[in-house]
Amino acid sequence: MSALLIYNSYTRQKEAFTPITPGHVGLYVCGPTVSGESHLGHARPYITFDVVNRYLQYLGYKVRYVRNITDAGHFEEEGREAEDKVAKKAILEMLEPMELVHKYTSLFHWGMRRFNTLEPSIEPTATGHIIEQIEMIKKIIAAGYAYEVNGSVYFDVKKYNDHYPYGKLSGRILEDLLETSRDLDGQDEKREKVDFALWKSAPPEHIMRWPSPWGEGFPGWHIECSAMSSKYLGKQFDIHGGGMDLQFPHHESEIAQSTIAHGCTPVNYWMHNNMITINGRKMGKSYNNVIKLTELFSGDHELLEQAYHPMVIRFYILTTHYRSTLDFSNEALQAAKKALKRLWDAYEVLQKLEDNGAATASYPELDKKVRDFCAACHTDMNDDFNTAKVIANLFELAPVINSIRQGQVPAGAISSDTLATLKTTFHSFMETILGLQPLKQEDTGKLDGVLQLVIAMRKDARTRKDYATSDKIRDTLGAIGIQLKDEKDGSVSYSLS
RNA sequence: GGUACCAUGGCCGAGAGGUUAGGCAUCGGUCUGCAAAACCGCGUACAUCGGUUCGAAUCCGGUUGGUACCUCCA
């Protein structure tokens with residue numbers, strides 16, 4: 001059995017995964033800012049790390065998965081007008097900040113549930129950890145790596161860089177940053193442009209504000225993750241995940257803050273998922289090309305040809321490795337939908353295959369093929385969570401399953417043991433690890449009763465060779481999304497789409 | 001401007017010095033009353049120009065094109 005390899009953004013190579021505490025994993029993922037509706041772009045990290053979480057659990061680890069909710073809002077840095085994103089939106093919509101935060105948090109949870117992501121163990125909010133953040137800032141000031149100006153506190157990046165490798169995570173060199181940072185208007189209280197805020201003094205109109213040793217204000221962008229991750233996972237923990245766009249400056253700053261406050265580097269393995277693009281462009285608010293989750297599921301968006309089931313989105317995301325960009329298009333999603341249906345159908349067929357009782361396989365080569373691809377699922381998953389390859393392996397196995405079912409290959413072609421392995425492999429990867437679910441609605445039982453009647457009537461018609469009637473039944477059902485399948489043995493099954 | 005990364009068959013998308021990726025679509029066949037589904041068969045693709053090598057899509061360099069980060073961002 002191969003060992004789990006994780007591509008560590010910090011060292012830029014795949015490394016064997018060894019947790020700090022044997023049998024346990026601390027996993028932190030940067031959560032959403034709940035100042036607006038979640039969109040397709042947000043789906044990627046949460047689905048990616050949901051699979052990471054699921055797989056670690058599958059491997060037997062006890063995982064503490066922490067994913068924060070950023071509800072304090074953040075301001076534009078670098079001299080632009082300090083404004084709280086949450087507060088700004090709140091005025092526009094005439095809502096209380098808390099009301100707004102609650103609304104979008106609920107929507108986010110709704111989306112995550114539809115994607116069948118497991119809930120994190122802890123979902124801490126930034127506003128609920130102001131004290132922890134203030135305490136951490138105090139430590140950094142005491143250590144001499146932060147300074148106060150007019151009620152705001154900034155981290156001294158230049159000094160930090162004299163002793164620690166600032167920029168290592170994101171591959172940046174401080175000198176370059178000092179030279180190339182753009183000049184932005186406004187007063188700059190910071191000693192250097194690269195310094196970042198730990199605490200920001202709140203102007204009078206700012207709604208969200210808290211008392212602090214430096215006056216009324218609000219925490220800087222990066223400090224919440226450092227404060228909350230260390231509180232729940234310890235000063236050093238195993239895996240920190242998030243989108244690639246957070247690598248700099250957010251994660252870089254997290255490392256700097258935590259290193260000074262806690263005297264050690266915070267994270268052993270940094271994982272970054274790549275972006276979802278649309279027409280080759282990153283999906284983001286600034287590009288005005290976002291598709292909200294609600295629009296995606298309802299199909300109500302000019303770029304969408306139809307509504308897409310959450311499982312299709314989940315499957316589509318998982319058919320690409322998490323470190324590659326993923327380009328969105330209707331065509332690609334259509335393909336994903338069909339592919340998922342075929343794979344899931346094969347999985348259902350597999351569940352119905354009865355144990356053939358064959359001690360040895362009559363088709364040894366096929367038997368070996370099945371075993372090899374089942375084994376490959378584990379190896380590929382261990383290779384930096386290569387879900388794309390895992391899915392390809394499952395697709396290799398689908399024809400084998402269908403062939404056995406339809407008798408193109410005899411039941412004893414693969415041994416009883418191999419069939420059992422095939423079943424557990426599909427179950428583990430499809431449901432437990434990839435977290436997939438069937439596309440069809442839950443059958444109410446009543447619909448099934450009706451369909452059985454209609455199927456029986458069609459069967460009668462066919463016996464009478466009344467094909468006009470039988471075809472009418474089939475085609476009409478097909479038109480409303482119920483597809484009949486005439487099986488080899490004369491039975492008829494159906495699938496809903 | 002600085003720093004990275006990426007360019008794969010009609011489309012999407014793995015892989016990574018010599019061995020099948022996979023999916024979707026198309027086409028042919030089997031099955032079928034006809035279909036659908038399923039099964040079988042078919043694609044010798046890796047931007048371009050050089051170089052290294054017995055051998056490169058995979059390594060090195062140049063070119064072109066694209067993207068991301070440097071500013072809120074998943």
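Residues meeting the side-chain contact (heavy atoms from CB on, under 4.5 Å) test with A/Ser362, sequence neighbours left out: A/Pro410, A/Ala413. Here A/Asp372 pairs with A/Lys368 under the salt bridge (charged side-chain N to carboxylate O under 4.0 Å, His left out) rule; sequence neighbours left out. A/Lys168 pairs by the salt bridge (charged side-chain N to carboxylate O under 4.0 Å, His left out) definition with nothing, not counting sequence neighbours. With sequence neighbours excluded, the residues that form a side-chain contact (heavy atoms from CB on, under 4.5 Å) with A/Thr476 are A/Lys472. In this structure A/Asp327 satisfies the salt bridge (charged side-chain N to carboxylate O under 4.0 Å, His left out) test with no other residue, sequence neighbours excluded. A/Arg371 pairs by the salt bridge (charged side-chain N to carboxylate O under 4.0 Å, His left out) definition with A/Asp367, not counting sequence neighbours. Partners of A/Ser491 according to the side-chain contact (heavy atoms from CB on, under 4.5 Å) rule, which considers only residues two or more places apart in sequence or in another chain, are A/Glu487, A/Asp489.
Of the residues near RNA chain B, A/Ser170 and A/Pro45, the one whose nearest nucleotide (by heavy atom distance) lies more toward the 5' end is A/Ser170. Nearest-nucleotide mapping onto RNA chain B: of A/Lys338 and A/Glu396, the residue sitting toward the 5' end is A/Glu396.
Around NZ of A/Lys292, the count of heavy atoms belonging to other residues, nucleotides or ligands within 6.0 Å does not exceed 12.
Counting only residues at least two apart or in different chains, salt bridge (Lys or Arg N to Asp or Glu O under 4.0 Å) contacts with residues 384-410 of chain A comprise A/Arg323-A/Asp384.
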Subject >> Contact pattern, 5' to 3', of nucleotides 27-43 of chain B - B, S or - by protein heavy atom under 4.0 Å >> reply: ----S-BBBBBBSS---
Extract all donor-acceptor atom pairs below 3.5 Å that involve side chains of residues 328-342 of chain A and protein atoms in other chains or at least two apart in sequence.
unit_1: A/Ser329; atom_1: OG; unit_2: A/Ala332; atom_2: N; d: 3.1
unit_1: A/Asn330; atom_1: OD1; unit_2: A/Glu305; atom_2: N; d: 2.9
unit_1: A/Asn330; atom_1: OD1; unit_2: A/Tyr308; atom_2: OH; d: 2.7
unit_1: A/Asn330; atom_1: ND2; unit_2: A/Leu303; atom_2: O; d: 2.7
unit_1: A/Lys341; atom_1: NZ; unit_2: A/Asp345; atom_2: OD2; d: 2.9
unit_1: A/Lys341; atom_1: NZ; unit_2: A/Ser495; atom_2: OG; d: 3.4

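Paired regions of RNA chain B, where each region holds three or more successive Watson-Crick or G-U pairs whose two hydrogen-bonding distances fall under 3.5 Å, are B:1-7 with B:64-70, B:10-12 with B:22-24, B:27-30 with B:38-41, B:47-51 with B:59-63.
Judged by distance alone, with hydrogens and angles left aside, the side-chain atoms of A/Arg314 form a donor-acceptor pair with the main-chain N or O of A/Phe115 at under 3.5 Å.
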At a cut-off of 3.5 Å, list every protein nitrogen or oxygen paired with a nitrogen or oxygen from nucleotides 4-12 of chain B, distance to 0.1 Å.
unit_1: B/C11; atom_1: O2'; unit_2: A/Glu331; atom_2: OE1; d: 3.3

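Contact annotation: A/Asn386 reaches the phosphate of B/G15 (side-chain N/O to OP1 or OP2, under 4.0 Å). The side chain of A/Arg281 contributes an N or O atom lying less than 4.0 Å from OP1 or OP2 of B/A68.
Taking the side chain of A/Lys389 as heavy atoms from C-beta on, and the options B/C69, B/A74, B/A14, the nearest nucleotide is B/A14.
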